[in-house]
Structure formats: structure tokens, C-alpha cells
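Chain naming here is simple, since letters A, B, ... match the order of the sequence lines and numbering starts at 1 in each. Just so you know, these numbers use all the heavy atoms, side chains as well, and skip hydrogens, waters and symmetry mates.
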Amino acid sequence: MTVPDAARTAGAASSRALGATRAMQRRRRAGSTMTVLIWAAAGLSLLPLVLIAGHLLVGGVRVLTPTFFTALPAPPGVAGGGVANGIAGTLVLIALASVIGLPVGLGAGLYLAEHRSTRLATIVRYLSDVLSGLPSIVLGIFAWEVVVRPSGQFSALAGGFALGMIMIPLVARATEEMVRLVPVALSEAALALGFTRWRTSLSIVLRTALPGIVTAALVAVARVAGETAPLLFTAFGTPYWSLRVDQPIAALPLQIYNYAMSPYDDWRAQAWGGALVLIVLVLVISMLARRATRSRFASASGGAVND
Amino acid sequence: MTDVSRPVTASAPSEAGSAARAHLTPAVALRAVDAAEDTRSGSAVPISTHGLEASYGSVRAVREATLTFTAGRVTAIIGPSGCGKSTLLRCLNRLHETVPSARVRGDVRIGGESIYAAGVNAIAVRRGIGFVAQRPTPFPTMSIRENVVAGLQVLGIRATGSELDDRVEEVLQRTGLWNEVADRLDGNPMSLSGGQQQRLCLARALAPAPRVLLLDEPTAALDPGSTQRIEELVYALRGDVTVVIVTHNMQQAARVSDHTAFMLAGELVEVGPTRLLFTAPVDRRTEAYVTGRFG
Amino acid sequence: MTAPTLPPVAHRRPVRTDVRVDATPARGYGDRVYGVFITTCALAVPALLVLVAAVIARSAWPAIEQVGTELLVGRTWDVPRGQFGALPALLGTLASSLFALLLATPLALGVAIYVTELAPLRLRKPVAFLVDVLAAIPSVVYGLWALYVLVPFLREHAMPFLGETLGLRELALFRGPAYGPSLLAASLVLAIMVLPYIASVAREVLQAVPRAQREAALALGATRWEMVRDAVLPYARSGLVGAVILGLGRALGETMAVTMVIGNRHEVPTSLFQPAYTMASLLANEFAEASGELHLSALMAVAGLLLAITLVVNAIARWLVWRMERRA
């Protein structure tokens, strides 16, 4: 729609009411009714957040003792027990996912930024968006088929692989966006000095965009840190302490799921504690992400346009 | 293409030499004041373009440009916005081809050697040529000092710390920046003013001692004070360095350049000694432009 | 090659005259490695999609051959007897997602309009931030909350209220005993989960509406709401539809929270109060301990079906959002 189109529709709206005060009042009333409804929608949308946060705090804080962070899961009926292996396992899985997903996502993002409008870039960009909307459980099944089935056992590696696949499109699109914020003139200045393409990309463009890319990576990490479905038949979970990548490994989301679905009251209580820890973990990563962008990038791009 | 009935315009074969201003042979083109300096411009190299064509996708930005930039002299390229003057400049260090969909035809020779010949490495070509863009482009992740030596480091030059320090001081002195930044060489270049940033970029371009310096409207975004310093520096560089400066400011062209080329809609209309081009242009389009009747 | 030494800058010192200062080989090795690397990474994205589809299709093939269309239309899923009819899961997936969308869409669009058009400036960022937080909560946490807070609430209060007090149980949609775990519970938690997702895409779409559109309407004397209704929403329509369909894609594939509250019963759902099943929950529950090749293959077929549906839904949605954002 063009500006005249908008003008016409708005013109129709206003001419409908021209001159008639009663009509004007009706318009105001219609407007304020909708405004109230929209305020209500906003309020209602945030209600679940308040409820979930409240229940998490009430249910979670009760079980958060020091041993909760240091102990292994206890059998049902045995007091104590914790999620130490789940926390460690989640960190291992995040690391594996990053090793697999970050380089590929970064590379694809650089490609997209450097070949903005070529046909391949358009296709990759589009499919990347489509890929990021696919159910994570399907990627879990894919990882099962290509890692677990051939190797004959569940493993941390398979879980990291599944999470890494999820990260690729997220990192790629975010990297592209960040790299595009770096002025073309900056890379041209480097090329004109005789920098090679790859050195220009890595030591000028990527370094300038780095804070933004760190943010992108952390956002992707935060997203996969809470993923459960793709781990069900890859990392699988274990009640024991294990950091080996070729063995099943515990993960906080898996433990929350198993505890929540169990018939034992003390396990269910611990599920709330685990959920609180998981959400704090996710939120802390997200906060770090926000901070990384705020610190340096603003000054890096702000200076060049001050005149 | 140029009007065939006017062989004096630049895109006519410059070798013909039938008209004094058709090409830039030093003997004819030099201003009287420069004649004495001519003897010491031994290290500078001439640049010549031969039927140069440059395009973005289907848009032809430069058509059939043939001209010579005299060694050790300052040549200004003027013309209205979008006339292809920046594109022509960017063909001289093979920067144009880094834009997706960009094409170059024809040839450019620097010191007699073709820079578009097969087997010539674009990166090596760029290393011998300084370039300053319209807006300041200091590398924001590097310190001021690192910015100055960025072009040297990429050459893989072996220099002792003190040699490098001397070079940093030398080029910052020349760009008049030394007194302003000597105490914060390790500081962030983004904290400098726009004019200082641009002079830093000039210092960065000069540090590897290029034989050719290309300036793409270097003062378009600057205040008068910074503009003046850059113009003075450009003027002082003649002799050693062949300078090509793109500008939309005719006064600037008149102030700093020995020769001026006028472009219009991708076409090279006229080239000649600056004073003559501004006072007695041959082409009526040039005349219309320099007298301010359009553009 | 030996490294060149530092050439002088200043006047009257003779230096080389050639411009080819350095001797780096044409199209340097590093450039080629870099180019190949980023191109490979870019190609990995389409390759991954094709590979996922191919691997799942191959594994699903035995079941497709042996079970055939029964997979799509069969109502019985009985592993020991080798009956694999996924119709209940398919319909459960569609029903829960569509009902969730019905609930979430007005709210999500409301939030998006609120944040971009109507909210006081100092409230916009905080509200947008809180919506983002809602989107960051992991699925399993939603599931936990729904299982222990939402489901008991539905069973004790909401379902009796809807059924008895309002007398809705006369309608087929609300028939049946109030179990708690049900299609209704799954739809509600799905609605909460896709709401921030739809809202944030819708927000981007609304922000892409050019200022001139808004100003044209305001200049003609439109009230703020009229501006939104007559200038902003028509302009953004295809993008907003895209946002909602993206939410649908999310809902269709959402696994953990749904698995925890839908009741996991292999029956074609006829009432919101009834327990049901979804394709994703079926996979979550049975895949790890699939018994026999045919069972596994049938699950792969279910995964393939889920993949195909979400692929189409996402492809359409992304196309709509793109078209809108490119035009802006």
C-alpha cells in the first residue's frame, strides 16, 4: 500500500464522521473501547509470567539447599539429593552444541552478509528461517538416526549434535544482522590498505561486530540450554556423575521432566528447584547477552557518524 | 561518448596530442610554478586509464574513460553527484570490483604496468596505493597507533620498534595530528573528532609510503578547519605522490589540483590544467558546470 | 619472499617505483580457504534440511510400505498387535494448536499493538522485555507449572465452572468428566507459550510500517485507534498473518509441555475436556523405548508427517513475513 492508499482509508474514516458531533463521540468511544481492550490484552498476556514466577519461587526456593547443587540425585524416599550432575551435564551439552553450532552458524552468517542479494544467499537465508521454526524433537530424532543408531548408544555427543543443529540458523541470522551493521566503508578501507578478503572479514569486520555476535551466540545458547525434547533420545540422562561425551549424560531439563512426571513427592518438589535453577541459568545468559551488546558496539558505530 | 567534433575532450585518444589540453603531458599541462619542482618528482608514477568502463549490474557508471594522471601531480575529478567520479577513482586501486555485481572493462596502467592484466594480484596493487574515503573509517577495534601501522603490518614489513615509532610520528606530524594525539596513541580512535579521524585515515594511508594517493571526497563531511589542513597536506604531497582527488567542491579543486577532469553522466567530458579548465573550458557542458549553471 | 623493509614517506628519498609492493600470490591461499569455509557453512543450512528430511523418510519407509494409509486414517495405535494408526495424534496436534492459536492471537496482537502504538513511551521497553522473558522460559518449565498449577485449577474450578455453572456441557466441545489433563489444558499452555512468539514477530512487522502511513492517517484527523485500524493494520496484514502462522508452526511442534498435560490417550478427541495425544508427545513417549523395527519405523513416519506439516506452515509464514518486511 502506498501513501495515497493510506490517505484514502484514513480519509474515509474521517469523512464518515465529518461534521457530526455525535459521530465524533462514537468514534472516540470506539477508540477508547479498543484502547481498553488492548491494555487488557497486554495485562492478561503478562499474567502467566507473574503466576509462573510466583510458583517457581514458592516451590523452588524451599528445596534450594547447598547440597541441591553438589549432590547427585537420591533414590525416591531418600532425603536430600541434588542435581549436580544435571547442571554439569547441561554445561557440557551447551559446550558441545557451541563447538558444533557456532562455527557453522558464524560462517553461514558471514556468507549471508557478504553475498547479500545473490540467489544462493536468498535461498540460504529463507531456509535458515524455516529451519529455525522446525520442531526441536524432529532434530532430536535426526541426531538419533545419524549418531546414536550407528554408535549403538545414547551419548552426550548426540545431544550436543542435536542442540548444535538448533543453534546454526539462530547464530547465522543474528551474525548476518550484526555484520551488516558494520559500515561497508570500513571493510573497503581495509581492502584499500591491502588487507586480504579473509583478513578484512576476520580482523576488521568480525572484530567490529564481535560484541553483537557474542550477544547472538549467547541468545542461541540460552535458547538451547532449556531444550528438553531433542535430548530425550540423544543425551538420554543418567542418575550418575558423568562428563564423558561418548556416554549418556544428565541434563537439567531432562531431570526436571523425569522428576515432574514421577509419582514421588520429594522428586516432584525437586523438580521445582531444578526449574528455578534452569530459569535463572537461562536468564543470566540472556542478561549477559544484553550487556555484551550494550558495552562496546554503541561506541564503535556511534563515532563514525557524529559529523 | 564524446562529441566527435570536439577532439579536445579527454576521451579522445590522449596520444594524439593535437590539442594541448587533451592529455596531460607534463610539458604542456604543468603550471608555471610547478615547472621548477618537476625535476625532483622522480619517484612518483603516472597513472593512465584506457577505454575504462565500469558498471554496477546493468548501470554503466563510467563509459570509455581514457586519460592520464601525471606523475607527482594532483588531479581533481569534478562533476555532479552520480556522474561516476567516485567509481572511476575506485577503479584505480581495483576497489570497484569488490562490490557484488560490479564489472570493469578497459585498462588502468600505473607506472606503465597494467593493474588489470592477468596474473596481477588486486591485493598487491592496493598495497601500493593510499585510499581515503568520504567518511572517516578508523578501525574502531584498534588503537590510534594500531590504525596508523595497520597498512604497514599487512605488508609484513620488518621494522624495529623505534623505526615503526618514527614512522607513526612522521605521518602523524605530516597530517598535523601529532600534537593532538601524541599522548593517547593507545586510545580509542572513535574518541577523536570527525576531522581528526579523517586525518588519522590519511596518516594510515600514507604510512606505507604509497606512490599513489586516491582521495574520495575526503573533506565532504568535515569542518572548514580540518578541510584546510587536509588540503595543505595534499598540496605538500605533490612531487613524491601522484594524487587523485574526487570532489564536488570546485573551489577545492581549484585550490589543490594541478589538473582537473570533469565528468558528466559517466562520461569524461574534459581534462585540462585546472586554471584553464575553470577559466576557459572547451566544452560548453564544462562551462555550464563550472559557472554554476547546473549541478 | 623476504619481507620488504620499511619504505620512507618523506620527500627526496628515492624508493621503488613499482606499485606491486608485495608478492602475495594471486587470490591468496587464505582468501580461498576463507571463501570455501563460509560457502560450505552457508550450504550446510539447505543441506541439513534435505538431510533431515531424507534420513527420516528413509527410516519411515518400511512403515509406509507395510502400514500404508492406515498411518493417516487409522484410529488404533496398538504396538503389540502391530496397529499403527496415527489419526488421533494427528487430529490432537491440529486441534490443540488451532485452539491455542484462537486464544493467543487476539492477545498477542493486542500486546504487539500496545507496545508499538499505544503504550506510554516509558512502558514500551519494559513490556517488550517481559514478553521476551516469557518467550525465554523453557518448555519443560511451562510443563511443570501447567501440570501442578494449571491442571489442578482446571479440574477443581474451571472445568466444573464451564460445564456445570455455565451449562456448556450440553455442547459436544465441553462434554465429559473433568479429568484435568486434557486437550483444554494442552491448548491453554500452548497458547501461553506461542503468545510471546507471535507478539514479537508481530511487533517487528508493525515496526516495519513506514512512518508516512501513520502520519498520513493522523494528518487527516484520525484518532489513534483509527490510525491503527485504517493505516497500520491494513498495511501490516500479510506480515501479521505470517506471525500467527509462525506461532502455529511453533504450537504444532511443541513437545514437552504438551506431553506433560494432554493426558496421552490414543483417541480421536471430540471434547476439550478429553485427554488426547499429539504427534510430538507420541514421539517423546515412545521413541526411546521403541520395540521392534516396525514400531520405530512407524514413529519415524509420524516424525516425517510432523516435519512435513511444520515445513509447509513455516515456509508459508516466513514468505508472508518476508514479503511484508521487504516492501517496507
Side-chain angles (χ1 to χ4, degrees), chain A residues 1 3 6-7 9-11 13-14 27-28 31 34-35 38 41-42 44-46 48-49 52 55 104 107-108 110-111 123-124 126-131 133-135 137-138 141-142 145-146 165 168-169 172 196-198 201 222 226 228-229 232-233 253 256-257 260 271 275 278-279 282 286, chain C residues 28 30-31 34 37-39 41-42 44-46 48-49 52 55 59 107 110-111 113-114 118 127 130 133-134 136-141 144-145 147 149 192 195 212-213 216-217 220-223 225-226 230-231 234-235 246 249 253 255-256 280 283-284 287-288 303 306-307 310 314-315 318:
Chain A
M1 190 158 97
V3 179
T9 46
S14 58
R27 281 173 62 199
R28 286 241 178 81
M34 277 318 294
T35 309
I38 285 171
L44 198 56
S45 304
L46 294 179
L49 183 64
I52 291 171
H55 284 112
V104 181
L110 282 171
Y111 182 91
I123 293 171
V124 168
Y126 180 68
L127 291 184
S128 175
D129 282 352
V130 170
L131 185 61
L134 293 188
I137 192 163
V138 171
I141 286 174
F142 173 69
E145 188 70 65
V146 300
M165 300 297 113
I168 289 174
T196 54
R197 272 264 179 205
W198 70 275
S201 287
T228 317
L232 288 171
F233 16 86
I256 296 167
Y257 176 61
L278 180 64
I279 222 148
V282 168
S286 303
Chain C
D31 268 6
Y34 173 75
F37 172 72
I38 63 171
T39 310
C41 290
V45 172
L48 183 61
L49 259 180
V52 170
V55 160
S59 305
L107 291 178
V111 176
I113 294 172
Y114 180 78
L118 298 179
V127 173
L130 289 176
V133 171
L134 205 54
I137 298 176
S139 173
V140 71
V141 176
L144 177 73
W145 177 78
L147 183 59
V149 180
I192 298 172
L195 189 156
Q213 296 286 331
L220 285 165
T223 62
W225 163 245
E226 282 169 345
D230 296 329
Y235 190 93
L246 275 182
T255 310
M256 300 319 295
L283 295 171
F287 194 86
L306 180 61
L307 176 67
T310 48
N314 271 290
R318 282 296 172 190

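Of the atoms belonging to Leu134(A), heavy atoms from both backbone and side chain fall under 4.5 Å from chain C. For Leu134(C), the parts lying near chain A are the backbone and the side chain together; criterion is any non-hydrogen pair under 4.5 Å. For a residue to count as touching a neighbouring chain, one of its non-hydrogen atoms must lie under 4.5 Å from one of that chain's; by this rule Pro169(A) does not touch chain C. The parts of Leu49(A) that come within reach of chain C are both its backbone and its side chain, each placing non-hydrogen atoms under 4.5 angstrom from that chain. Neither the backbone nor the side chain of Ala222(A) comes within contact range of chain C; no heavy atoms are under 4.5 Å apart. Only the side chain of Phe37(C) comes within less than 4.5 Å of a heavy atom in chain A; its backbone stays farther off. Only the side chain of Leu195(C) comes within contact range of chain A, with heavy atoms under 4.5 Å apart.
When every heavy atom of Ala231(C) is checked against every heavy atom of Gln213(C), the shortest pair comes out as CB-O, 3.6 Å. The shortest heavy-atom contact between Thr228(A) and Pro253(A) is OG1-CB, 3.3 Å. Cys41(C) approaches Val104(A) most closely through the heavy-atom pair CB-O, 3.4 Å. In this structure, Gly107(A) and Ile38(C) approach most closely via the heavy-atom pair O-CB, 3.5 Å.
Here the CG atom belonging to Leu278(A) is positioned 4.5 Å from the CD1 atom belonging to Ile256(A), to the nearest 0.5 angstrom. Expressed to the nearest 0.5 Å, how far OG1 of Thr35(A) lies from OH of Tyr114(C) amounts to 11.0 Å. Note that CG of Leu107(C) is 5.0 Å distant from CG of Leu44(A), once rounded to the nearest 0.5 Å.
Top candidate by heavy-atom pairs under 4.5 Å with chain A, chosen from Leu246(C), Thr223(C), Ile137(C), is Ile137(C). For chain C, the option among Ile123(A), Ile52(A), Val124(A) with the highest count of heavy-atom pairs below 4.5 Å is Ile52(A). Options Thr255(C), Thr310(C), Val52(C), Val141(C) differ in how many heavy-atom pairs under 4.5 Å they form with chain A, and the most are formed by Val52(C). With chain A as partner, the option from Ala288(C), Ala303(C), Ala136(C) having the largest number of non-hydrogen pairs under 4.5 angstrom is Ala288(C). Your options are Ala172(A), Ser286(A), Gly226(A), and the one with the most heavy-atom pairs under 4.5 Å with chain C is Gly226(A). Heavy-atom pairs under 4.5 Å with chain C peak, among Ala229(A), Ala108(A), Pro48(A), at Ala108(A). Per-residue counts of heavy-atom pairs under 4.5 Å with chain A were compared for Gly249(C), Gly110(C), Ala42(C), Gly253(C); the largest is that of Ala42(C). For the set Gly133(A), Ser128(A), Ala275(A), the count of heavy-atom pairs under 4.5 angstrom toward chain C peaks at Gly133(A). If you tally non-hydrogen atom pairs under 4.5 Å between each of Ile141(A), Val146(A), Leu131(A), Val282(A) and chain C, the highest count goes to Ile141(A). Among Val149(C), Leu307(C), Val111(C), the residue with the largest count of heavy-atom pairs under 4.5 Å with chain A is Val149(C).
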Pair Leu306(C)-Leu283(C), side chain to side chain contact (heavy atoms under 4.5 Å, CB included): steps then yes or no: CA-CA 10 Å; Leu306(C) 180 61; Leu283(C) 295 171; 4.2 Å; yes
Full working for side chain to side chain contact (heavy atoms under 4.5 Å, CB included) between Met256(C) and Leu232(A): CA-CA 10 Å; Met256(C) 300 319 295; Leu232(A) 288 171; 4.1 Å; yes
Verdict with supporting geometry, Tyr34(C) and Leu110(A), side chain to side chain contact (heavy atoms under 4.5 Å, CB included): CA-CA 10 Å; Tyr34(C) 173 75; Leu110(A) 282 171; 3.7 Å; yes
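In this structure, Ile137(A) and Phe233(A) have side chains that are in contact, with non-hydrogen atoms separated by less than 4.5 Å.
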